[in-house]
Asker: 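Take this structure first; my questions come after.
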Amino acid sequence: MKNKVAVIGAGNVGSSAALFIAERGLADVTLIDRAEMEGMPQGKSLDMEEAAPLWHKGVHMTGSTNLADVKGSAVVVMTAGFPRKPGMSRSDLLKANAEIIKPAAEAVKQHAPDAIVVVVTNPLDVMTWYFSHVSGLPKQRVMGMAGILDSARFRAFLAMELGISGADIQAMVLGGHGDSMVPVTKYTVAGGIPVEELIPAERLAQIVQRTRDGGAEIVKLLKTGSAYYAPAMSAVEMVEAILLDQKRLVPCSVALDGEYGLKDLFIGVPIVLGGSGVEKIVQLKLSDADQAALAKSAKDVADMIAELKG
Ligand SMILES: NC(=O)c1ccc[n+]([C@@H]2O[C@H](COP(=O)([O-])OP(=O)(O)OC[C@H]3O[C@@H](n4cnc5c(N)ncnc54)[C@H](O)[C@@H]3O)[C@@H](O)[C@H]2O)c1
C-alpha cells in the first residue's frame, strides 16, 4: 500500500512540498487548506494530478478543506500560517499562528495519532513546541524544519564562493530558526576539507552572516511573501528520510531533555532521522562561543514559549 502524506496549508510552501513529494514518488498527498479557500487546494491538487502521467511515479493528489482528511497519514507536514506582515508585532504573529496550529494539532491527535509531524510554520521552534503540546504525540514524532534549510543556504553560499558543487559541502546549522541561528563552521566541510582551511576567517564570517540573513534576503527580493522552494525541498528531505527510514544525520528542531544543557523547549540540533522520527539526538562538542550562541538562541525560544503559555 502506498503511504499518504497530508500537507496542511496549500500556500507557497505547502503546494511546493506537495509537488516535490509527488515528483519523487514518495507518497500520495492530501493538500489541506482552510474552509474559506474551498476549491483552491482541490484545484492545485488536480493540476498536479494532471502532471502525474508525465512523472511516471503513480502517486495521487487530492485537495481538501477538512482537517479530518489527515486521517491515515504516515507523515503530516504543517505549513499553514501567516508570514509576519508590516506593522505586525512578533507577539501578534505568535498568537495568530498558534490559533492555526491548535485545530491542526487536535485533528492529528484525533484522526492520525500514529503520524510523524514536520512543522514548518513560523516562528518555527515555538510552533513546533505548541504542536507537540496540543497534540500530545510522543516527542520523537514531532519535529520542526529549519536546520536543513539554514544548512542548505550555508552550503549554497559556500558553493558559490568556492566554485564547487553544493553537493560536496556538508554543513551544520544549529539553534533556533532566526537571527540567533548558529552556523557551526568547525563542522562544515567541502569534500571532507574543513572550510575554515579553504576560506579566510573574515570572508567566512561574511558568508555566515549572509546565511543568518538568508530568509530576509529573499523577502527583500520578492517584495511580497517569503522563500518557499528551498523551504519546501528541505521539508521534503525530512519526509523522505522518514518514509524511507534513511537514518539521515541532519539538524532539526526537536524536544530537548537536558541535551546541550537545555530542556522543555524545541531547538535545532543534529539528530538521526528515520522511520520512527527522531531516533537519536547527537551531542556535539561545541566551542565555548558556539555553546554560548546556542544558549542565547535557546533563551529567545524559551521566552516566546513563556509568552505563548501566558
Ligand atoms: N521553517 C522555515 O524554515 C520556514 C520557511 C519558509 C516559510 N515558513 C513559514 O511557513 C508558513 C507558510 O508559508 P507560505 O509561504 O507557504 O505562506 P502562504 O501564505 O503562501 O500559505 C499559507 C497557507 O496557509 C493557509 N492557512 C491559513 N490558516 C489555515 C488554517 N487554519 N488551516 C489550513 N490552512 C490555513 C492559507 O490559506 C495559505 O494557503 C509561514 O508561517 C512561514 O513563515 C517557514
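As the structure lists them, so they are numbered: ligands from 1, and atoms in each ligand from 1. Note that the structure is predicted; figures quoted are calculated from it, not measured.
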Asker: Would you tell me which option among E99, K44, M40, H177 has the nearest heavy-atom contact to atom 3 (O) of ligand 1?
Answerer: H177
Asker: Taking 4.0 angstrom as the limit and counting only heavy atoms of A227, give me the atoms of ligand 1 inside it, by number and element.
Answerer: 6 (C)
Asker: Establish, from distance only, whether the side-chain atoms of Q140 and S276 form a donor-acceptor pair under 3.5 Å.
Answerer: no
Asker: Below 4.0 Å, non-hydrogen atoms only: which portion of L149 touches ligand 1? Side chain, backbone, both or neither.
Answerer: side chain
Asker: For atom 20 (O) of ligand 1, which protein heavy atom lies nearest, and how many Å away is it?
Answerer: N12 N, 2.9 Å
Asker: For atom 5 (C) of ligand 1, grab the closest protein heavy atom and report residue, atom and distance to one decimal in Å.
Answerer: P231 CB, 3.5 Å
Asker: What is the minimum heavy-atom distance between M145 and L149, and which atoms define it?
Answerer: SD-CB, 3.7 Å
Asker: Would the distance check show the side chain of Q283 and the main-chain N or O of Y260 forming a donor-acceptor pair, the cut-off being under 3.5 Å?
Answerer: yes
Asker: Measuring only between side-chain heavy atoms, which start at C-beta, is V269 closer than 4.5 Å to V282?
Answerer: no
Asker: Show which atoms of ligand 1 fall inside a sub-4.0 Å distance from at least one heavy-atom site of L124.
Answerer: 1 (N)
Asker: Considering heavy atoms of the protein only, find what lies nearest to atom 10 (O) of ligand 1 and give residue, atom and distance to 0.1 Å.
Answerer: V120 O, 3.8 Å
Asker: I need the nearest protein heavy-atom contact for atom 14 (P) of ligand 1: residue, atom name and distance, please.
Answerer: V13 CG2, 3.8 Å
Asker: Within the structure, does M37 bring an N/O atom to less than 3.5 angstrom of an N/O atom in ligand 1?
Answerer: no
Asker: Tell me the protein heavy atom at minimum distance from atom 1 (N) of ligand 1, and give that distance in Å.
Answerer: M145 O, 2.9 Å
Asker: Could you tell me whether E307 and K95 make a salt bridge, using a distance below 4.0 angstrom between a side-chain N and a carboxylate O?
Answerer: no
Asker: Nearest protein heavy atom to atom 42 (C) of ligand 1, by residue and atom, and its distance?
Answerer: N122 ND2, 3.8 Å
Asker: Does an N or O anywhere in I8 fall below 3.5 Å from an N or O of ligand 1?
Answerer: no
Asker: Any chance you could lay out the side-chain contact (heavy atoms from CB on, under 4.5 Å) test for S135 and V117, step after step, and finish with the verdict?
Answerer: CA-CA 10 Å; S135 68; V117 179; over 6 Å; no
Asker: Touching ligand 1 at all, G225? Heavy atoms, strictly under 4.0 Å?
Answerer: no
Asker: Looking at D33, is its backbone amide N or carbonyl O close enough to the side chain of T65 to form a donor-acceptor pair, meaning the two atoms are under 3.5 Å apart?
Answerer: no
Asker: At what distance is the nearest protein heavy atom to atom 31 (N) of ligand 1, and which residue and atom is it?
Answerer: I100 CG2, 3.7 Å
Asker: Which of the numbered atoms in ligand 1 are below 4.0 angstrom from a heavy atom of N97?
Answerer: 41 (O)
Asker: Which one of T30, I32, D69 satisfies the side-chain contact (heavy atoms from CB on, under 4.5 Å) criterion with T62?
Answerer: T30
Asker: Among all the protein's non-hydrogen atoms, which is closest to atom 17 (O) of ligand 1, and how far away is it?
Answerer: G81 O, 4.2 Å
